[in-house]
Amino acid sequence: MMQENKASQSTRWKRFESMEALRHGVCDAIVQSANDAIAKRGKFSIVLAGGNTPRTVYRLLRDLPMDWAKWHIYHGDERCLPPDHEDRNSLMAEQVWLDYVNIPANQIHDIPAELGPVAGAKAYAEVLKDVAAFDLVLLGLGEDGHTASLFPDHTVDNSADAVPVFNAPKPPSERVTISQSRLNNTHEVIFLVTGAGKQEAVDNWRSGVDIPAILIKPENGVDVYCYEVELK
């Protein structure tokens, strides 16, 4: 899988002593990134991750007095399920955060994965084609080392900004993901890594094993916020 983008990954690891500290640390980093981007460029573009840890961060964000009208929301990946399915990343973000803040609807860009992996990816690539570098990308880490829907032993597809995923090892097997190269086109990346079940993936990552997370190599490097894993 790991045959391209041979440059080394610059990684800054930060271990937290509690889940609450991590949540607030991530929230503070997002706020700082947003304020900096709006001051410099007049808007803030963020790529969201799915999962339980991001969910708790989004819940914190919704109560903050941000300049929401200048936020632009994207998703790193999405499952090919109906828009109202409980496992959709977009639905989770809406329910805990986006429905409570005044981000203009035309600035919230859900992946239309309900169209299927090919059509959904093509449609989202069209959405992304005129978007400048993202300001912030949030990513998780699976126990197998996957991130977004870039999975181990799957060919990396950089043919477009968004690409279809088939035969994913986690259900559902069909997904749409932003491609590796497009995820790397960002000013900042934060990985959220929580739970002892991620220890092997973290050990592999830190020892240089080829897992999908090492594909994420933006110019400014990545920050990894950790809880319940040891940094050996």
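Note that the coordinates shown come from a computational prediction; the quantities given were computed from them, not determined experimentally.
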Problem set entry | Test item: Gln9 side-chain N/O and Ala213 main-chain N/O as donor-acceptor pair under 3.5 Å | yes
Exercise. Under 4.5 Å between any side-chain heavy atoms of Trp71 and Ile38, yes or no?
Worked result: yes
Exercise. From Thr56 OG1 over to Arg59 CZ, what is the distance, rounded to the nearest 0.5 angstrom?
Worked result: 11.0 Å
Exercise. If every non-hydrogen atom of Pro152 is compared with every non-hydrogen atom of His146, which pair is closest and at what distance?
Worked result: CD-CB, 3.9 Å
Exercise. Out of curiosity, does Leu192 fall in the hydrophobic cluster containing Tyr227 (side-chain heavy atoms, cut-off under 4.5 Å, transitive links)?
Worked result: yes
For this session: Flag the pair Val101 / Met66 as yes when at least one side-chain heavy-atom distance between them is below 4.5 Å, and no otherwise.
Result: no
Exercise. Is the backbone N or O of Glu188 less than 3.5 Å from a side-chain atom of Thr186, with the two atoms forming a donor-acceptor pair by type?
Worked result: yes
Exercise. Between atom NE2 of His75 and atom CG of Asn89, what is the distance when rounded to the nearest 0.5 Å?
Worked result: 7.0 Å
Problem set entry | Test item: Asn102 side-chain N/O and Ala69 main-chain N/O as donor-acceptor pair under 3.5 Å | no
For this session: Taking the side chain as every heavy atom from C-beta outward, state whether Leu91 and His85 have any atom pair closer than 4.5 Å.
Result: no
Problem set entry | Arg88 with Glu114: basic N within carboxylate O range, under 4.0 Å | yes
Exercise. Can any side-chain N or O of Arg182 pair as donor or acceptor with the backbone N or O of Asn185 at less than 3.5 Å?
Worked result: yes
Exercise. Taking atom CD of Glu228 and atom CZ of Arg15, what is their separation to the nearest 0.5 Å?
Worked result: 9.0 Å
For this session: Please answer whether the main-chain N or O of Leu60 pairs with a side-chain N or O of Arg23 as donor and acceptor at a distance below 3.5 Å.
Result: no
For this session: For residues Ala123 and Pro112, report the shortest heavy-atom separation together with the two atoms involved.
Result: CB-CG, 3.7 Å
Exercise. Under 3.5 Å, is there a donor-acceptor pair between the side chain of Thr177 and the main chain of Ser149?
Worked result: yes
For this session: Check whether Val189 and Val26 end up in the same hydrophobic cluster, where Ile, Leu, Val, Met, Phe, Trp and Tyr are linked by side-chain heavy atoms less than 4.5 Å apart.
Result: no
Problem set entry | Tyr124 side chain to His109 backbone, donor-acceptor under 3.5 Å | yes
Exercise. After noting the C-alpha distance and the side-chain angles of Ser18 and Glu20, does the key distance pass the side-chain hydrogen bond (donor to acceptor under 3.5 Å, both in side chains) rule?
Worked result: CA-CA 5 Å; Ser18 71; Glu20 182 179 9; 5.3 Å; no
For this session: Would you mind reporting whether Asp28 and Val31 have side-chain heavy atoms less than 4.5 Å apart?
Result: no
Exercise. In Å and rounded to the nearest 0.5 Å, what is the CD1 to CH2 distance from Ile103 to Trp97?
Worked result: 5.0 Å
Problem set entry | Contact check, side chains of Thr147 and Asp77, non-hydrogen atoms, under 4.5 Å | no
Exercise. Considering only heavy atoms from C-beta outward, does the side chain of Ile73 approach that of Ile46 to under 4.5 Å?
Worked result: yes
For this session: Please lay out, stage by stage, how Leu139 and Val222 fare under the test side-chain contact (heavy atoms from CB on, under 4.5 Å).
Result: CA-CA 10 Å; Leu139 291 169; Val222 304; over 6 Å; no
Exercise. Between CD1 of Ile111 and CD1 of Ile178, what distance do you get to the nearest 0.5 Å?
Worked result: 5.5 Å
Exercise. Using 4.0 Å as the upper bound for N to carboxylate O, is an ion pair formed by Lys170 and Asp144?
Worked result: no
Problem set entry | Shared hydrophobic cluster for Val47 and Val96 (ILVMFWY, side-chain gaps under 4.5 Å) | no
Exercise. Does the side chain of Asp135 reach to within under 4.5 Å of the side chain of Arg41, using non-hydrogen atoms?
Worked result: yes
Exercise. Honestly curious: do Val193 and Val137 fall in one hydrophobic cluster under the side-chain, below-4.5 Å linking rule?
Worked result: yes
Problem set entry | Met19-Leu141 co-clustered via ILVMFWY side chain contacts under 4.5 Å | no
Exercise. Do Asn220 and His187 have a side chain donor and acceptor closer than 3.5 Å?
Worked result: no
Problem set entry | Closest non-hydrogen atom pair between Ala148 and Gly76, with its separation | CB-O, 4.2 Å
Exercise. Is a donor on one side and an acceptor on the other found under 3.5 Å between the side chain of Gln199 and the backbone of Glu230?
Worked result: yes
Exercise. Of the non-hydrogen atoms in Gly145 and Ala201, which two are nearest, and what is the gap between them?
Worked result: N-CB, 4.0 Å
Show me the donor-acceptor pairs within less than 3.5 Å that the side chains of residues 159-169 make with the rest of the protein, sequence neighbours left out.
from   : atom 1 : to     : atom 2 : distance (Å)
Ser159 : OG     : Asp157 : OD1    : 2.6

Problem set entry | Side-chain donor/acceptor of Glu78 to backbone N/O of Ser90, under 3.5 Å | yes
For this session: Please report the shortest heavy-atom distance between Leu115 and Gly120, naming the atom on each side.
Result: CB-N, 3.9 Å
For this session: Working to the nearest 0.5 Å, report the span between CG of Leu138 and CD1 of Ile30.
Result: 4.5 Å
Problem set entry | Donor-acceptor under 3.5 Å (Asp223 side chain, Ile190 main chain) | no
Exercise. Ion pair present between Lys232 and Asp203, side-chain N to carboxylate O less than 4.0 angstrom?
Worked result: yes
Seminar exercise, completed: Paired with Phe191, the ring pair (Phe, Tyr, Trp, His ring centres under 6.0 Å) test is passed by just one of Trp13, Trp205, Tyr225, namely Trp205
For this session: For Glu94 and Asp110, run side-chain contact (heavy atoms from CB on, under 4.5 Å): C-alpha distance rounded to whole Å, both residues' side-chain angles, the deciding distance at 0.1 Å, then the answer.
Result: CA-CA 10 Å; Glu94 290 166 7; Asp110 294 346; 3.2 Å; yes
Seminar exercise, completed: Residues Pro171 and Arg79: closest non-hydrogen pair is O-NE, 4.3 Å
Exercise. Are Tyr74 and Val127 close enough that some pair of their side-chain heavy atoms sits under 4.5 Å apart?
Worked result: yes
